[in-house]
Amino acid sequence: MVLALALPVLAGLISMPDGENPLPDIARHAMATALPRWGTTEVVSEVVYGSRAFDTFGETFLLLAAVVTVMVLSRGREPRHEYVGEASAGRVEQAAADPTDHAGAGERQAREAEEEEQEDAPAPQHADDDVLGESWPERAVAMTVVVRVGARIAAVILAVAGVYLAAWGYTPGGGFPAGLVLAGVVVLLYTAFGHRGVRAVIKPRILEPLEMFGAAAIIGLGLLGLLLRGSFFDNWLPLAPQQTIRAGGTLQAFSGFEIVEVATGITIAIFALLGMGHDWTPDEDEP
């Protein structure tokens, strides 16, 4: 299997053009268009958000359709205020185990008995509140202190790198990969700190309006190009000096709205799947 995948990759690497080969026509067209028309020296951004902006537009709304599909399939019948509801899932599980225990008395009794058996203090509410160097293992819903420190450092670096990809119009990147990087930061912090570490951010009332704003802004940007310049996603903003943060006109605006749409959409899809409250297939022991 590895050999079957390695051979096409190796053949592609060998056949790649080097510095002596003539540029393809599409590359020549992009280089001749990027600077005079869009005011940017970054050809990749010009292609993604300029010459082929409609392709990027289609990819963005395919992502939006996928996120909506995940939300529809993962949501239960009752409204929820968070994507990963451990408390709600616990109550459902307790009710299924003991239908007569409506007030949760059995759960409380079991928890009190467990706390009485423990000689140490109850588990901390936050991972960083756990005392280091004690004989018991870390009991918070999070990973070890080494992982948490590493996640804090990596999250800052990745977040800055993600914003940089979208903010500077004369560097390769753009809002789509930048949005993926920011969504990865949220998943990294969730993995290291647990649900409590990110629940202030991953809420439907925060993420879903942001995603809709990003999608609506992208549509509005394209329509203004159609109305003002006669072409969907044509540039209608004044061009800033080359190699500045505003270089590229609407390229930068498109990239900025893209990072909002992609980052929120991917985050919604991931945590909606993590918070699913039902299965689509029955257990084997069910009749």
Side-chain angles (χ1 to χ4, degrees), residues 1-70 150-151 154-155 157-188 191 214 218 222 231-235 242-243 247-248 250-252 254-270 273:
M1 183 66 181
V2 175
L3 184 62
L5 293 175
L7 289 176
V9 173
L10 182 61
L13 290 174
I14 294 175
S15 62
M16 287 181 65
D18 53 28
E20 299 179 356
N21 296 101
L23 290 174
D25 292 340
I26 184 64
R28 291 179 179 275
H29 172 76
M31 294 180 66
T33 303
L35 190 58
R37 183 174 179 181
W38 298 94
T40 179
T41 57
E42 175 44 51
V43 179
V44 175
S45 295
E46 187 280 324
V47 172
V48 175
Y49 299 106
S51 299
R52 302 192 64 179
F54 197 75
D55 291 352
T56 306
F57 173 79
E59 294 167 2
T60 302
F61 282 84
L62 282 175
L63 171 63
L64 178 61
V67 172
V68 172
T69 303
V70 169
I157 297 173
L158 291 174
V160 172
V163 174
Y164 180 86
L165 284 173
W168 292 96
Y170 61 91
T171 58
F176 211 108
L180 292 173
V181 171
L182 294 187
V185 170
V186 177
V187 175
L188 172 66
T191 305
I218 291 172
S231 178
F232 198 61
F233 280 117
D234 201 351
N235 181 53
Q242 303 166 19
Q243 296 192 345
T250 54
L251 297 182
Q252 279 294 81
F254 193 171
S255 183
F257 296 137
E258 187 83 357
I259 189 175
V260 175
E261 161 65 25
V262 174
T264 53
I266 296 295
T267 304
I268 288 171
I270 291 173
L273 289 173

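Residue numbers start at 1 and run along the sequence shown.
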Side-chain contact test, heavy atoms from C-beta onward, threshold under 4.5 Å: evaluate it for Leu251 versus Asn235 and give yes or no.
->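 Answer no - side chains too far apart.
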Give the minimum heavy-atom separation between [X] and [Y], together with the two atoms involved.
X: Leu188; Y: Ala154; answer: CD2-CB, 4.0 Å
X: Ala183; Y: Ile266; answer: CB-CG2, 3.6 Å
X: Ile218; Y: Thr60; answer: CD1-CG2, 3.9 Å
X: Val70; Y: Ala269; answer: CG1-O, 3.7 Å
X: Leu63; Y: Phe176; answer: CD2-CZ, 4.4 Å
X: Val181; Y: Gly162; answer: CG1-CA, 3.9 Å

Angle class for the Phe254/Phe233 ring planes (parallel below 30°, perpendicular above 60°, tilted otherwise)?
->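 Parallel.
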Are the side chain of Thr267 and the backbone N or O of Ala263 linked by a donor-acceptor pair below 3.5 Å?
->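 Pair found, side chain donor or acceptor close to backbone of Ala263.
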Any donor and acceptor pair, going by atom type alone, linking the side chain of Tyr49 with main-chain N or O of Gly175 inside 3.5 Å?
->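 Such a contact is found between Tyr49 side chain and Gly175 backbone.
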Drop me the distance from Ile259's CD1 to Leu165's CG, to the nearest 0.5 angstrom.
->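 One finds 8.0 Å between CD1 of Ile259 and CG of Leu165.
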Contacts of type side-chain hydrogen bond (donor to acceptor under 3.5 Å, both in side chains), residue Glu46, not counting sequence neighbours |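 If we apply the side-chain hydrogen bond (donor to acceptor under 3.5 Å, both in side chains) test to Glu46, skipping adjacent residues, the hits are Trp38, Ser51.
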Are there more than 12 heavy atoms of other residues, nucleotides or ligands under 6.0 Å from atom CZ of Phe61?
->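 Counting other residues, nucleotides and ligands, CZ of Phe61 exceeds 12 neighbours.
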